[in-house]
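See structure below.
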Amino acid sequence: MQSQEEPVNPHNHISLSRRSLEKATISYINFTPDKRIVYANPFACKIFGYSPEDFLTKNIFDISPNLSEKRWAEFWETLREQFYFHYFDTCKRKDGVLFPIEARAYWIEDNEKPTAAAFMEDLTEKRKLESDALLKQFIFQKSATAILQGGKDGRILDVNEEACNCLGYTKEELCNMTIFELDASFSEGEIGEIWDTTQAQQVFTFESMHRRKDGTVFPVEITANSHQYNGLEFSICFFKDITEQKREQQRKDKANEQLQKTQKLEALGILAGGIAHDFNNILSGVLGYAELATLRLHSRDEIHKYLQPIIAAGQRAKRLVNQILAFSRQEKSKKAPIDLSRVIMESVDLIRASIPSTIEIKRDIKPNLGLVLADETMIHQVIMNLCTNAYHAIEKKGRAGTLEVLLERITITNKDCLSFPELIPGRFLKLIVADTGHGMDKETITRIFDPYFTTKASGEGTGLGLSVVHGIIKSHGGAIRVYSELDVGTTFHVLFPMEETTSEEPAQTFESLPNGNECLLLVDDEELLLNLGKEFLEGLGYQVETRASSIDALEAVRARPEKFDLIVSDLTMPHMPGDIFAKEVKKLRPNLPVILCTGYSDRIDQDMFREIGIKDFLMKPVLLHELAASVRKILDTSS
Ligand code: ADP
Ligand code: MG
C-alpha cells in the first residue's frame, strides 16, 4: 500500500446503501482490523474471481500480497486519525494474476467496532493506455523517418529527432517556426491547396525542397496525412531527404542514354561491317590491278608515277574501311600528324608533378619515333587515364611502387592480325603503361572497358576512364590490350598506327617477286578477283585454274586430286564457306595445302583452322606481293 497525499475531509463519511453497492461498477470491500473480509460487492467478486461466499473466507493479505504488517498498522492508524486513506497497491486475483489498483478507504464505525470500506479501481486498462502512449511517443521520437506535425495555419506543432537532424534545428526552434520558413516553395495559398488535397485523400505524397538551418536546400519527399483530434485538424507529415535518390536517378538516366547511344553505334557498326566487306572486295580489285599494272611495266617506266598514287589512295581507302569498322564514338576530333614521343613525354611530366614521389616513374621514350595521325588532346587523355589508374592501383596496394611508361616501334604483319583483328598490318607505335599495383582478377579484366564499371568507392572512380580510352584508341585505328595479375601488377599495351609517308621504294617487277611453275587452284565468288589472281600468278609462271564456287572447286579436286599443288580460297562464300571447303579437300587429299583469304570482320580460330589443313591466312584486300610470298613459302614448306 502506497499512500498518496490528498486533502482529506475528516468528516468524509460514507453511508451507501447495500443496494447501491450491489449495483456499483467499482469494487467495494469491507474489512476489519483483524484482516477479515466482511463484505465484497458483486463487482469486486467479478474482478477478483471469487464467489461472494468464497470472498468472505479470505483475509485482506490474501488479496493484497504485497502488504506488510507494518504498513497494515500504519493504514489503521491513519484511518483512525483521518477517516480516509488513499493508496495504490497490487492485488491478486483468485487465479493468481496480479493487477494494479487505486483505492480510497474510509473509516466506518459499526456498533463501536471499526471496519474499513475500500473502493478499489482496477488500473490495468489505464496503465496499459499510459504505457501505449509512452511507446507511441518513443516510436515517434526515435523513428528513422522525419516526422512533423503541423497546424492548418502552417505552424509547426511537434517534430521528432530525425526531423531535427534533417533540418539542423532543435525541437524548440522548430516548434516556434512555421512551415513557410522551412520550405520556400510553400506560399500561404499553396499550403491551403495541399491541405485540401490531404483532407480529401487522407494521404498525399509530393516532392518539395526544404531549407536547413545552415541555409542549404535539399529535395524531400513528403507524405502528408490528415489527422483530427479533439475537434482540431492537423497534418502529420513524414518526409525524407531524397538527394541520393535523385542523384541515383540522374545516374540511371545518363547510363540509359549512354546505352542507347552505344546500341545505336553498335547497329551502325554492324551496318558498316557489311558495307566494308563488299568495299574491301572492290578495293582488292583496284589495288590488285594497279599493282599488276606496275608489275607489267619496266621499272623505269613513266607510268609508275601515275600508278603509285592509285595504290597509295587505295591503301588510304583501306585504312578508312578500318576506321569505319572500328567505329568510333568520338565526336569531331581534330586529327593531325603528331610526334607521339613528345606528347607522351609531356603527359608523363605532368603526372610526375601530381603523384607522390614514393612512386617511381621509369620511362623509356625515344624521341622522334615517328608520326601518328591523332588528336593530341585525346592522346593526352589516354595517357592520363592509364597513369591515373596505375597510380591508384599502386597507392591502394601500399603507397610505394613503380610506374613504367615505354614507347617503341613495331610492325604488325598479316599474321599478327589474327591476334589484332582490328588492325591493318603496318607500322605501329606501341605504348606500354605498366604498374606494380594491386592488379586485377579475371572477372574484373573482362569488364574494365564497360562504361561505369568501377571497383572504386563512389567519389573516387566514375568507371568512365577506360571506356573513354577504348573509344579514343578505336577512333585512332589502334588497339589496346591488358595483362594483369592479382597482387603483382597491370600492363596496358596501346598500339597506334603510324602515319605512312608515301614510300619511295623502287617499283617491283614480276622478276623481283618469288615465282614458280606449280599448279594452283583459286577459289573466290568474286569473278574480278579471280581474274586478277589468275593473271598475276600466271605472270609469275604458275599454272592457274579458277572456280567461282567452292562446290565447283571441290568437284575439280575430286576429279583429279593430284593435279593441284596449292589452293588459295576465299573464306566468305555462298553455299560452302572456305573453312568447310578446306575440310572437304582434306578428306580427298590430306596434304594439299590451302591458303585462306579472310575479311576484317571474319572471326578466325587460327588453331582450329590449322587443323583442317589451312597453312596461311591473308587479310583482304590481299596485296599481290604478299600473295606471291605466301604462295611460294607454303609450296616450299609443303613439298
Ligand atoms: P575508374 O578509374 O573511375 O574506376 P576506369 O574505367 O578508369 O574507371 O577503370 C575501371 C576499373 O578498372 C577500375 O575501377 C579498376 O578496378 C580497374 N583498373 C583499371 N586500371 C587498373 C590498374 N592499372 N590496376 C588495377 N586495376 C585497374
Ligand atoms: Mg580511372
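Note that the structure is a prediction, hence the values are computed from the model and not measured. When a ligand or atom number is given, it counts from 1 through the structure's own listing order.
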Give the atoms of ligand 1, by number and element, whose distance to some non-hydrogen atom of Gly463 is under 4.0 Å. 1 (P), 3 (O), 4 (O), 6 (O), 8 (O)

Does an N or O anywhere in Ala393 fall below 3.5 Å from an N or O of ligand 1? no

Before signing off on this row, confirm whether Ser467 and ligand 1 have an N or O atom pair separated by under 3.5 Å. no

Determine the minimum heavy-atom distance between Asp570 and Met573, stating which atoms define it. O-CE, 3.3 Å

Out of Phe453, Phe449, Tyr391, whose heavy atom is nearest to atom 11 (C) of ligand 1? Phe453

Under 4.0 Å from ligand 1, counting heavy atoms only, is it the side chain of His438, its backbone, both or neither? side chain

Going by distance alone, is a donor N or O of one side chain under 3.5 Å from an acceptor N or O of the other, for Asn385 and Thr388? no

With rounding to the nearest 0.5 angstrom, report the CG to OG1 distance, Leu464 to Thr454. 9.0 Å

Could you tell me which atoms of ligand 1, counted from 1 in the order shown, lie closer than 4.0 angstrom to a heavy atom of Gly439? 25 (C)

Ring centres under 6.0 angstrom apart (Phe138, Phe140): no

Between the candidates Leu466, Thr491, Thr454, which shows the shortest non-hydrogen contact distance to atom 4 (O) of ligand 1? Thr454

Does Gly437 reach ligand 1, in the sense of a heavy atom lying below 4.0 Å from it? no

For Asn385, which part has a heavy atom under 4.0 Å from ligand 1: side chain, backbone, both, or neither? neither

Decide whether an N or O pair under 3.5 Å exists between Thr444 and ligand 1. no

Ligand 1 atoms in contact with Ala390 (distance to a heavy atom under 4.0 Å): 23 (N)

Carboxylate-amine/guanidinium proximity below 4.0 Å for Arg212 and Asp241: yes

Closest non-hydrogen contact found for Arg211 with Leu167 is O-CD2, 4.0 Å

Which atoms of ligand 1 have any heavy atom of Ile448 under 4.0 Å away? 6 (O), 12 (O), 17 (C)

Taking NZ in Lys430 as the centre, count heavy atoms belonging to other residues, nucleotides or ligands within less than 6.0 Å. Is the count above 12? yes

Applying a heavy-atom cut-off of 4.0 Å, say which part of Thr455 lies close to ligand 1: side chain, backbone, both or neither. both

Just by modelled atom types, is the Ile379 backbone N or O under 3.5 Å from a matching donor or acceptor in the His476 side chain? no

Among Val217, Ile222, Leu148, Thr216, which one satisfies side chain to side chain contact (heavy atoms under 4.5 Å, CB included) with His210? Ile222

